[in-house]
There are 2 protein chains.
Amino acid sequence: MRSNDRSSGAAPGAEDVAEAAGVSPSTVSRCFASPHQVRPETRARVLAAAERLGYRPSRIARSLAEGRTRTLGLIVPDIANPFFAVIVKAVQARARRKDYAVFLADTDEHPDDEYELALTLARQVDGLLLVAPRMDGARLGEVVRQVPSVAVNRSVSGVPSVVAPSEDGLRQAVAHLHALGHRHLALILGARNSWSSEQRGHAVRYAAEQLELKVTEFGPHEPKFHTGAQVADLALAAGATAIVAHNDLMALGVLSRLAERGVRVPDDVSVVGADDTLLATTATPALTSVRIPLDALGERAVDLMLRRLDDPSRVPEELLLDSELIVRRSTGPAPRKES
Amino acid sequence: MRSNDRSSGAAPGAEDVAEAAGVSPSTVSRCFASPHQVRPETRARVLAAAERLGYRPSRIARSLAEGRTRTLGLIVPDIANPFFAVIVKAVQARARRKDYAVFLADTDEHPDDEYELALTLARQVDGLLLVAPRMDGARLGEVVRQVPSVAVNRSVSGVPSVVAPSEDGLRQAVAHLHALGHRHLALILGARNSWSSEQRGHAVRYAAEQLELKVTEFGPHEPKFHTGAQVADLALAAGATAIVAHNDLMALGVLSRLAERGVRVPDDVSVVGADDTLLATTATPALTSVRIPLDALGERAVDLMLRRLDDPSRVPEELLLDSELIVRRSTGPAPRKES
DNA sequence: TTGAAAGCGTTACCAC
DNA sequence: GTGGTAACGCTTTCAA
């Protein structure tokens, strides 16, 4: 019972195909690796035999021999979060088109797991895509040294990254609200140490300042539905006529609480979300939101990675994508002052 | 420049560790594979050296040698769909806990890709988790023959599967509506060839019949937000006081359209969704929905797979999980008849 | 308890 | 253009 026992259910190897086609295993290998290096006639014979036997080269063995796995590692904080899910989907699709497989790791928002996972994956993938890495600089450096990495949605000096700053979109949002007559807006911040929350906070503050809009800030808060709901009352009490939330989820919390209180959106209060996830489109009323080109983020991350892989001399670069405001029904003219 | 050049940036191998610890590579291997087979003292020395060098056994090489990859393949129709995302998350977490990695493949709802991907993955994973397989029986059979597989959320004869029938929950939903005084409900079906849509349709029809409730059916329809919105008007015209949608997304479409028309939920009409995704909780009003224990689905699928893997003699089995109705604010007493 | 050596299924280099 | 052969980095008998 040797390996070239074609009658058994075991997967056929290159050797089996070689025998069936009357060539050497080397030739079989070449037929798949560099088809043009083998005479068309021979190739046809080999391919036929392979087809007949249902032969597929073992990626494992190939990886070991080639020294590369044709696999990308993807580390995400939370796949169940629609924001990340879209990125994952894009990465996955892009990678597959390039004949790369994807190892998925969900850290469930635990930065420690992130590091540990990165190290584990480092050995078995050609490159690592770190989505919104929470890792501290030192550890990130350690990881980056071990395996080609690309940071997604978080710019880290010295690490190639692809980022879609929400600034553009938020600036547009503030301008939008200003144009609608709003003069006082509430800003709901995200998580305490979140890089993106800080970026977003800055963007709104700055834009508001330019337009001489008053801003009342709330947070930092865990970016959850219920915190949004909680803050809604505070924002109202503060007298804001428009509420800009850190993300769609929080904005939905706001929407929900306002509805409960009978406050009309957008007649009484306007609400803006961010990320433009599925949640924004399916909300009632549909949520005006800052769209981050998530699919592009994922695709470009893969492209950047692959480009680096076949020319490692390339310098780390940072890729910026534009965000934009998508106006929907949750924003409208500011209510007239009831003086 | 040989492989045991520890000064270079290359990842250290077992040989390097062996040298550093003054033992043979075999012993190093054993320290990781079967630690108890090596004298504690030696093991300590080896582990220390490994630690110092930052050594991690190559999973690739190990896979080749062991003949198994400690990797599970996971094929999903659409990760961006919250329903599947939760399953993916659960699978991923469970697998990792068992020291398995996960290859993720998103078919983007294309059944052909599903087959092709399954065949590709077959060679590089120990087992395949097929979520809601759309594959026809013949192809599925082919796949199952090549690699141990488990079907998730779709029962297929001859294939081990873990399924959470929505029947229980839907029966509860119908009973719930009946108890609230509703006597005419609209049922919105999902996609044409969807197994789950059929199951759900049957369940509702049957339960309604038992309770002598009138049911008006709409669809089959692509399970999208906008189709839900579209059907809302029809359901209203038909005179239904309660609407049961194939899933949350469609239910949200309904909610949205009703709000536009000024129809109050639940005062004028009650709405029930299914899947109890993030969407249901964050809707306004929060959506009464049938909860499928998605995380359990994922976990059990992994467990089932692993159990099969270390005892292949086990017969294919089908695992059933219970669904249940989660009552939220979108359902209420039927409006009084305005006769 | 430990070491030596033979694979695992490819690829890649070097002759022919 | 094709075949032999040595890796790739581990696990695993089999001896010692």
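So you know, we letter chains A, B, ... as the sequences are listed, proteins then strands, and number each from 1.
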As a quick check of understanding, evaluate side chain to side chain contact (heavy atoms under 4.5 Å, CB included) for A:R70 and A:K98, giving each step before the final call.
CA-CA 9 Å; A:R70 289 178 176 285; A:K98 302 283 191 179; over 6 Å; no
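The heavy-atom pair separating B:V86 from A:A80 by the smallest distance is CG2-CB, 4.4 Å.
Using a 4.0 Å cut-off, no side-chain N or O of A:S58 falls inside it from OP1 or OP2 of C:dG9. The phosphate of C:dT10 has neither OP1 nor OP2 within less than 4.0 Å of any side-chain N or O from A:R59. For D:dC10, one of the phosphate oxygens OP1 or OP2 lies less than 4.0 angstrom from a side-chain nitrogen or oxygen of A:R123. When the side-chain nitrogen and oxygen atoms of A:T27 are compared with OP1 and OP2 of D:dG3, one or more of them lie within a distance under 4.0 Å.
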Filtered N/O pairs between nucleotides 11-15 of chain C and protein, under 3.5 Å:
residue : atom : partner : partner atom : Å
C:dT11  : OP1  : A:R62   : NE           : 3.2
C:dT11  : OP2  : A:S29   : OG           : 2.2
C:dT11  : O5'  : A:S29   : OG           : 3.4
C:dA12  : N6   : A:S26   : OG           : 3.4

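In this entry the distance linking CD of B:E15 with C1' of D:dC10 reads 11 Å, nearest Å. Rounded to whole Å, the distance from CZ on A:R68 to P on D:dA7 is 22 Å. The CZ-P distance, from A:R70 to C:dG9, rounds to 21 Å in whole Å. The interatomic distance linking A:Q37 (CD) with D:dT2 (P) rounds to 11 Å, in whole Å. Rounded to an integer number of Å, the gap from CG of B:L64 to C1' of C:dC8 is 4 Å.
Direction of the helix axis in the helix from C:dT1-D:dA16 to C:dC16-D:dG1 shifts by 30° between the two five-pair termini, rounded to 10°.
Contact of the B:K89 side chain with the A:D108 side chain is registered, since non-hydrogen atoms from C-beta on lie closer than 4.5 Å. The shortest side-chain heavy-atom distance between B:R94 and B:L306 does not fall under the 4.5 Å cut-off. Side-chain atoms of A:Q124 and A:T71, non-hydrogen and from C-beta on, never get closer than 4.5 Å to each other. A:V150 has its side chain within reach of A:L129: a pair of non-hydrogen atoms, C-beta onward, lies under 4.5 Å apart. Looking at A:R139 and A:D112, their side chains come closer than 4.5 Å, going by heavy atoms from C-beta outward. A heavy-atom distance below 4.5 Å is not found between the side chains of A:V143 and A:Q146.
B:E142 has a carboxylate O that lies under 4.0 Å from a charged side-chain N of B:R145, or vice versa, which qualifies the two as a salt bridge. Taking the charged nitrogens against the carboxylate oxygens, B:R307 and B:E317 do have a contact shorter than 4.0 Å, which makes a salt bridge.
Both A:I60 and B:G22 lie close to DNA chain C; mapped to their nearest nucleotides by heavy-atom distance, the more 5′-ward contact belongs to B:G22.
Of the residues in residues 42-51 of chain B, not one places a heavy atom less than 4.0 Å from an atom of DNA chain D.
Ring pair A:F103/B:F103 is parallel by interplanar angle, where below 30° counts as parallel and above 60° as perpendicular.
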